[in-house]
Amino acid sequence: MPLNKVVKNAQEACADIQDNMTLMLGGFGLCGIPENCIAELVRQGVKGLTCISNNAGVDDFGLGLLLHQRQVKKMISSYVGENAEFERQMLSGELEVELIPQGTLATRCLAAGYGMPAVFTPAGVGTEVAEGKEVRNFHGRDYLLEMAFDADFAIVKACKGDTMGNLVFRATARNFNPLMAMAGKITIAEVEELVEPGDLDPNEIHTPGIYVHRIFKGEHYEKRIEQRTVRQ
Amino acid sequence: MLDKNGIAKRIAKEVTDGMYVNLGIGIPTLVANFIPQGIEVMLQSENGLLGMGPFPISGEEDADLINAGKQTITTLPGSVFFDSAMSFGMIRARKVDLTILGAMEVSENGDIANWKVPGKMVKGMGGAMDLVASAKNIIVAMQHCDKAGNSKLLSSCSLPLTGVKCVKKIVTDLAVLEVKDGAFHLLERAPGVSVDEIVAKTAGKLIVVGEVPEIED
């Protein structure tokens, strides 16, 4: 069954991720992050990673766990607060950090998934983000040329998926996940619920399985809340 | 002088019926509490939600449902989720009517600096650069002076820029100012604040015409 993308677990899904590779990891803050694959990467101890992810987790959860084990060489993110170990490694020069506008991050994923080498965006025109980049004027406005990402693996988390790799996301846990799913050379999806083909309504699938190479049901989801806020 | 809620309350008057609005973190988030009853407004959260509702009641927090400040929130009738590319797509395509955000500095030509202080830990620009590069209308909510008493309304920004020539209006603890034609134009002053004080605390070019009214409560 070549269209069956199911692997047993995170260990099998991540088995060929090697030192110095570039990974995309879905999620916004701790929302919709591939918890099981991150735990597996920590267990494997793979090193020298370049991680493309909107944020860098917190000290003891999410990508913070990989940072803590010094497995990350470079982070490409839009916002990296809430993480003291990250700050220490960044200030000491152990960790290379490339900060890029959030929409540019999303669009560079999108471009990769849509087979486009680059896109033009106005974000960052006239700022240090524009340094070294081609600026083109269209209809009287300046835009920066931003390249599509080129990542060895994309690791995403979905609410539901079927064995053919079709994915459905939930609420704001969608965020970067469907974009990164389209953008990896190899895409690994971990899901809370794994179902059979036909169980998902084709109208409601967010990511077509053609983009997904491996899928498994995550063993455990903590789904930690970063800022628990309630009505007074 | 206005406190943070006062600034938010004054900015809320700029929000009109039918608007799609993006609120930044900090004082801008408070604006949601003061949007007049009876008008229909959709709040955009750039992590992928249009139609942001209030915080959940205790016990109903959902880890999958947060705003761009990572706070737990709720949806409303008509809410919709989307991915981050579409979120910034609607921002870039200028579908969002109003962006309200904080700033460290604003210049008299509308440049804004709000993401980086050289020598300090840089956390990143998040979505701010995308928002200011494309917003139809940008209102900045901030204190008039920094903690050391230095004006944050300058002839040109000293900090690394977030965007150029984009800020349209500023509401501070002291005043409401419009940014146009290379100058700050004083529109209103906070209760109990004199024009002289605003003049003294505005480092950039400030234009004052006639009697300047107090901000109405």
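Only heavy atoms go into these numbers, but all of them, side chains included; no hydrogens, no water, no symmetry mates. First the proteins, then the strands, lettered A, B, ... as listed; each starts at 1. Given the structure is predicted, the values throughout are model-derived calculations rather than measurements.
For A:Val129, the part lying near chain B is the side chain, with the backbone staying farther off; criterion is any non-hydrogen pair under 4.5 Å. No part of B:Lys165 comes within reach of chain A, as not one of its non-hydrogen atoms sits under 4.5 angstrom from that chain. Heavy atoms of B:Ser79 lying under 4.5 Å from chain A are absent altogether. For A:Phe169, no part sits under 4.5 Å from any heavy atom of chain B, backbone or side chain. For a residue to count as touching a neighbouring chain, one of its non-hydrogen atoms must lie under 4.5 Å from one of that chain's; by this rule B:Val122 touches chain A with backbone and side chain alike. Looking at B:Glu60, neither its backbone nor its side chain comes within 4.5 Å of chain A, counting heavy atoms on both sides. Heavy atoms of B:Phe88 lying under 4.5 Å from chain A belong exclusively to its side chain. Only the side chain of A:Pro178 comes within less than 4.5 Å of a heavy atom in chain B; its backbone stays farther off. When heavy atoms are compared at a cutoff of 4.5 Å, B:Asn67 approaches chain A solely by way of its backbone atoms N, CA, C and O. Interface remark: B:Ala113 contributes no atoms to any contact with chain A (heavy atom separation under 4.5 Å).
Top candidate by heavy-atom pairs under 4.5 Å with chain A, chosen from B:Met86, B:Glu46, B:Lys123, B:Met121, is B:Lys123. The most heavy-atom pairs under 4.5 Å with chain A, out of B:Asn47, B:Ile91, B:Thr74, B:Leu161, come from B:Asn47. Listed options A:Thr127, A:Asn177, A:Thr107 were ranked by heavy-atom pairs under 4.5 angstrom with chain B; first place goes to A:Thr127. Note: B:Ile66 leads B:Ile66, B:Val164, B:Asp111 in heavy-atom pairs under 4.5 Å with chain A. Note on B:Gly59, B:Ser45, B:Ala63: by heavy-atom pairs under 4.5 Å with chain A, the leading option is B:Ala63. In terms of heavy-atom pairs under 4.5 angstrom with chain B, the leader among A:Asn55, A:Val80, A:Leu105, A:Asn54 is A:Val80.
More than 12 heavy atoms of other shown residues, nucleotides or ligands fall within 6.0 angstrom of atom CE in B:Met19. Surrounding NZ of B:Lys95 are at most 12 heavy atoms belonging to other residues, nucleotides or ligands under 6.0 Å away. Around CE of B:Met1, the count of heavy atoms belonging to other residues, nucleotides or ligands within 6.0 Å does not exceed 12.
Using non-hydrogen atoms only and a strict 4.5 Å limit, no part of residues 206-222 of chain A faces chain B. Residues of residues 225-232 of chain A lying within less than 4.5 angstrom of chain B, judged on heavy atoms, are A:Ile225, A:Glu226, A:Gln227, A:Arg228, A:Thr229, A:Val230, A:Arg231 in numerical order.
B:Asn22 and B:Thr99 are not linked by any side-chain donor-acceptor pair at a separation below 3.5 angstrom, with hydrogens and angles left out of the test.
Rounded to the nearest 0.5 Å, atoms CD (B:Glu105) and CG (B:Leu154) are 5.0 Å apart. In this structure, the separation between CG on A:Leu23 and CD1 on A:Ile76 is 11.0 Å, given to the nearest 0.5 Å. Atom CG in A:Leu179 sits 4.0 Å away from atom CG in B:Asp83 (nearest 0.5 Å).
Ring-plane geometry between A:Phe28 and A:Phe176 is classed as parallel, the angle between the planes falling under 30 degrees on a 0 to 90 degree scale with a further cut at 60.
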TODO: Determine, step by step, whether A:Lys223 and A:Glu35 satisfy the salt bridge (Lys or Arg N to Asp or Glu O under 4.0 Å) criterion, reporting the C-alpha distance in whole Å, the side-chain angles of both residues, the deciding distance to 0.1 Å, and the verdict.
DONE: CA-CA 8 Å; A:Lys223 295 179 74 166; A:Glu35 294 182 27; over 6 Å; no
- [ ] Report the C-alpha distance between A:Val42 and A:Leu66 in whole Å, list the side-chain angles of each, state the deciding distance to 0.1 Å, and finish with yes or no for side chain to side chain contact (heavy atoms under 4.5 Å, CB included).
- [x] CA-CA 6 Å; A:Val42 171; A:Leu66 282 177; 3.8 Å; yes
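Proximity of a side-chain donor or acceptor of A:His68 to a complementary backbone N or O of A:Glu85 within less than 3.5 Å is not detected. Checked by atom type and distance alone, the side chain of B:Asn137 never pairs as donor or acceptor with a backbone atom of B:Lys168 at under 3.5 Å. Checked by atom type and distance alone, the side chain of B:Asp97 pairs as donor or acceptor with a backbone atom of B:Tyr20 at under 3.5 Å.
The minimum heavy-atom distance between A:Ser77 and A:Ser53, with the atom names listed, is OG-O, 2.7 Å.
For B:Ser151, the side-chain contact (heavy atoms from CB on, under 4.5 Å) partners are B:Leu153, B:Ala203, not counting sequence neighbours. Qualifying ring pair (Phe, Tyr, Trp, His ring centres under 6.0 Å) partners for A:Tyr114, counting only residues two or more places apart in sequence or in other chains: none.
Taking the ring centre of A:Phe61 as origin, the terminal cationic atom of A:Arg224 falls inside the region bounded by 6.0 Å and 45° from the ring axis.
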